[in-house]
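Notes follow once the structure below has been shown.
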Amino acid sequence: MDELYDDIRPYRDHEVPAAMQRLAEHPSFHQVLKFVNPEIDSTDIHNLLQGVHTIDDFQKIVAHQAVRTLVDGTSKSLTFEGFDNTRPDASHLFISNHRDIILDSAILNMLLLEQGFPTTETAIGSNLLSSELITDLTRLNKNFVVKRNTVAREFYDNSLRLSGYIKHTIAERHAGIWIAQREGRTKNGLDKTQPGLLKMLSIGCDEPLRFCFRSLRITPVAISYEYDPCDVLKIRELKAISRDERYEKGPDEDYKSIITGLTGYKGRIHLGVGKTIDRELDILAEYQNINDKLRLLGEIIDRQIYSLYKLWPTNYMANDLLNGTCIYKEEYTDAEMQAFEKHIKSRLQQANLNSDEDLNFLLMMYANPVENAKTVAV
C-alpha cells in the first residue's frame with residue numbers, strides 16, 4: 001500500500017544509496033556540511049557518507065549531528081519534558097504549535113533520538129521543495145509532502161490522500177507523525193489549531209469521530225523560543241492581514257526565513273510533550289454537528305499546548321510593554337527589561353521598521369502566549 005503514496009512519502013531504505021550518491025556529487029551539500037562543521041574536509045565527508053545505508057543511518061549520522069550543532073550554537077539552553085507520556089512501542093500523531101519552519105520538528109526528532117525513541121515522519125509544504133537537493137535532504141530525513149497552492153478539486157483529493165497516508169503510517173507502518181496545528185507558522189503568537197487540519201484527519205472516517213481520532217493517538221506538543229530570530233520578518237505579513245490585504249511572499253522569503261530560523265539566536269528553548277488524547281474524546285459524542293466536534297477537539301489540543309508552552313521573561317515583558325502595565329513585574333528584573341527594550345529597538349531599526357505599529361506587532365508576537373496561558377490558568 002505504501003506505493004500509493006510514492007509522490008508524498010519519505011524515502012525508504014532501498015532508496016537511500018541513490019539519494020546519497022546524488023548528495024555526494026552535489027557541491028551545495030558539501031557546503032551545508034561545512035556550514036554545520038567548518039572543520040570537516042572532503043575526506044571526512046566521504047567517510048561520513050560511506051556509513052549511511054538506511055534512513056536511520058542518515059538521521060543518526062547526518063541529521064542529528066547537524067541539528068544538535070545548530071541548536072547548541074544558536075541557543076543558551078534546551079530543556080524538555082513529557083517524553084514519559086509517550087510509548088516507544090506505540091505510534092503517535094504529534095500535533096504541535098509552529099514557530100520555525102525547520103527546527104520545530106527537527107528538535108523533537110533530535111530529542112526523541114537522544115531519549116532512545118523512534119523518530120517521527122514530519123510534514124513539509126511542497127512550496128519549500130525548490131530543488132532536487134532540498135527534496136533529497138527532506139525525504140531522507142523522514143519528511144512527507146503536504147501539497148500547497150492547489151485548486152479546489154485538487155485540494156480535496158490531496159487532503160484525502162494526505163489523510164490516508166497519515167492513517168496508513170500510524171496504523172499499518174506503526175510510525176509516528178509530526179504535523180503543525182495550522183498551515184504555516186503562527187505569526188502573532190496566538191497558537192490555535194485550525195479546524196481544517198482536523199477535518200482533513202477525519203476524511204474517510206466511517207466510525208464516530210471519537211473512535212477515528214482515538215486510533216491516531218493525538219499527542220499535543222509545544223515548543224517555545226525565548227527569542228524568535230524571524231520576528232521582524234513576520235511583521236509585514238501581520239500588517240497586511242490586519243488591513244484585509246492579500247499578502248504575497250517574495251521569491252526568496254521562505255528560504256530567508258529558513259536560514260534565519262536555523263542560524264539566528266534563540267535564547268532558551270523548551271519543548272513539552274503532552275498526554276495522548278483519549279478519554280477526553282468521549283465528549284464529542286454529545287455533539288451532533290461535525291464542526292462543533294472539530295472545534296471542541298481543537299480546544300482540547302490547544303489547552304494542552306498552552307499549558308505546555310514555556311513562558312520566558314520576554315513574553316511577560318512584552319505583555320507589560322504592549323498594555324502599559326506592570327502586572328508581571330515579578331517575572332523579570334529591571335536589567336532584563338532594559339536589555340529587552342534595547343533588543344527590540346535594534347531589531348526594528350535593522351529591518352527598517354520604524355512605526356509604532358511595527359513595534360506593537362513585534363511586542364504582540366511575544367505578548368500573546370501570556371494571553372493563551374490565561375485561558376488555562378487554574
Side-chain angles (χ1 to χ4, degrees), residues 8 10-11 19 23 26-38 58-59 62-75 78 96-111 119-149 178-189 191 221 223-238 247-267 269 271 347 350-351 362 365:
I8 63 172
Y11 289 150
L23 291 183
H26 204 301
S28 294
F29 179 61
H30 289 240
Q31 293 172 8
V32 169
L33 292 179
K34 289 180 179 180
F35 174 80
V36 175
N37 181 6
F58 182 83
Q59 289 206 305
V62 180
H64 174 268
Q65 179 183 342
V67 176
R68 175 47 78 180
T69 299
L70 284 169
V71 169
D72 290 347
T74 62
S75 66
L78 169 62
S96 173
N97 68 329
H98 192 23
R99 296 304 179 84
D100 185 86
I101 294 174
I102 299 296
L103 279 181
D104 295 347
S105 58
I107 289 174
L108 173 63
N109 270 339
M110 179 187 76
L111 292 174
T119 57
T120 69
E121 294 191 8
T122 62
I124 188 169
S126 59
N127 55 300
L128 301 175
L129 305 180
S130 57
S131 68
E132 183 182 57
L133 172 64
I134 294 175
T135 299
D136 277 340
L137 286 173
T138 54
R139 295 184 74 179
L140 282 166
N141 201 35
K142 289 191 178 180
N143 284 187
F144 63 93
V145 180
V146 178
K147 295 188 177 182
R148 304 286 195 213
N149 304 321
W178 176 97
I179 195 165
Q181 67 178 164
R182 50 167 291 126
E183 180 180 338
R185 294 164 295 159
T186 299
K187 309 296 193 307
N188 60 6
D191 301 309
V221 173
I223 189 164
S224 57
Y225 303 89
E226 186 175 17
Y227 292 97
D228 181 353
C230 295
D231 49 16
V232 294
L233 301 181
K234 300 174 181 178
I235 290 177
R236 290 186 172 86
E237 182 172 352
L238 287 172
Y247 180 74
E248 295 287 350
K249 288 184 180 180
D252 298 319
E253 188 167 333
D254 285 332
Y255 176 78
K256 184 177 181 181
S257 292
I258 289 172
I259 298 302
T260 303
L262 290 173
T263 62
Y265 181 66
K266 303 158 192 68
I269 307 171
L271 184 139
R347 295 284 294 163
Q350 290 172 7
L362 183 62
M365 296 177 201

For the residue pair [X] and [Y], establish whether any side-chain heavy-atom pair is separated by less than 4.5 Å.
X	Y	value
H98	R185	yes
N109	W178	no
T69	N37	no
L262	F35	no
L78	L111	yes

Let me confirm one number: the [atom1]-[atom2] distance from [X] to [Y], rounded to the nearest 0.5 Å.
X	Y	atom1	atom2	answer
R139	E121	CZ	CD	11.0 Å
S131	L137	OG	CG	8.0 Å
I107	Y225	CD1	OH	4.0 Å
L103	T74	CG	OG1	7.0 Å
I235	L362	CD1	CG	5.0 Å
S28	L133	OG	CG	6.0 Å

How close do [X] and [Y] get, counting heavy atoms only, and between which atoms?
X	Y	answer
A66	V36	CA-CG1, 3.6 Å
N141	A63	OD1-CB, 3.3 Å
H26	H30	O-CD2, 3.3 Å
G261	C230	N-SG, 3.7 Å
F144	P10	CB-CD, 3.9 Å
S130	I134	OG-CD1, 3.3 Å

For [X], check side chain to side chain donor-acceptor pair (under 3.5 Å) against everything at least two apart and list the hits.
X	result
Q181	T193, D302
D252	none
Y11	R22, D136
T119	Q59, K142

By salt bridge (Lys or Arg N to Asp or Glu O under 4.0 Å) - contacts of K249 (at least two apart):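 Counting only residues at least two positions away or on another chain, K249 forms a salt bridge (Lys or Arg N to Asp or Glu O under 4.0 Å) with D254.
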
Is K234 salt-bridged to D228, going by a charged N under 4.0 Å from an acidic O?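 Looking at K234 and D228, the cut-off is met.
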
State whether D191 and R182 are salt-bridged, where the test is any N-O pair (Lys NZ or Arg NE/NH1/NH2 against Asp/Glu carboxylate O) under 4.0 Å.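 Result for this pair is no, no salt bridge flagged.
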
Using a 6.0 Å cut-off, check whether atom OH of Y247 has over 12 heavy atoms from anything other than its own residue.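 Yes.
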
Side chain to side chain donor-acceptor pair (under 3.5 Å) partner of N143, the single match among T122, T138, T135: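 That would be T122.
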
Going by the rule side-chain contact (heavy atoms from CB on, under 4.5 Å), which residues pair with L238 if we only count those two or more places apart in sequence or in a different chain?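 K187, N188, F361, M364, M365.
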
Could you go through D100 and K266, starting from their C-alpha distance and side-chain angles, then the distance that decides it, and tell me whether this counts as side-chain contact (heavy atoms from CB on, under 4.5 Å)? CA-CA 11 Å; D100 185 86; K266 303 158 192 68; 5.5 Å; no

Between L271 and L108, is the side-chain contact (heavy atoms from CB on, under 4.5 Å) condition met? List the steps. CA-CA 8 Å; L271 184 139; L108 173 63; 4.1 Å; yes

Is R347 reaching over with its side chain to a backbone N or O of P229, donor-acceptor style, under 3.5 angstrom?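 Between the backbone of P229 and the side chain of R347 there is a qualifying donor-acceptor contact (under 3.5 Å).
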
Would you check if there is a donor-acceptor pair between the side chains of K147 and S126 at a distance under 3.5 Å?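 Judged by distance alone, the side chains do not pair up.
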
Begin with the C-alpha distance, continue with both residues' side-chain angles, and end with the deciding distance and a verdict on side-chain contact (heavy atoms from CB on, under 4.5 Å) for L233 and K256. CA-CA 9 Å; L233 301 181; K256 184 177 181 181; 3.9 Å; yes

Does the pair M110 and H64 meet the rule for a side-chain contact (heavy atoms from CB on, under 4.5 Å), with working shown? CA-CA 6 Å; M110 179 187 76; H64 174 268; 3.6 Å; yes

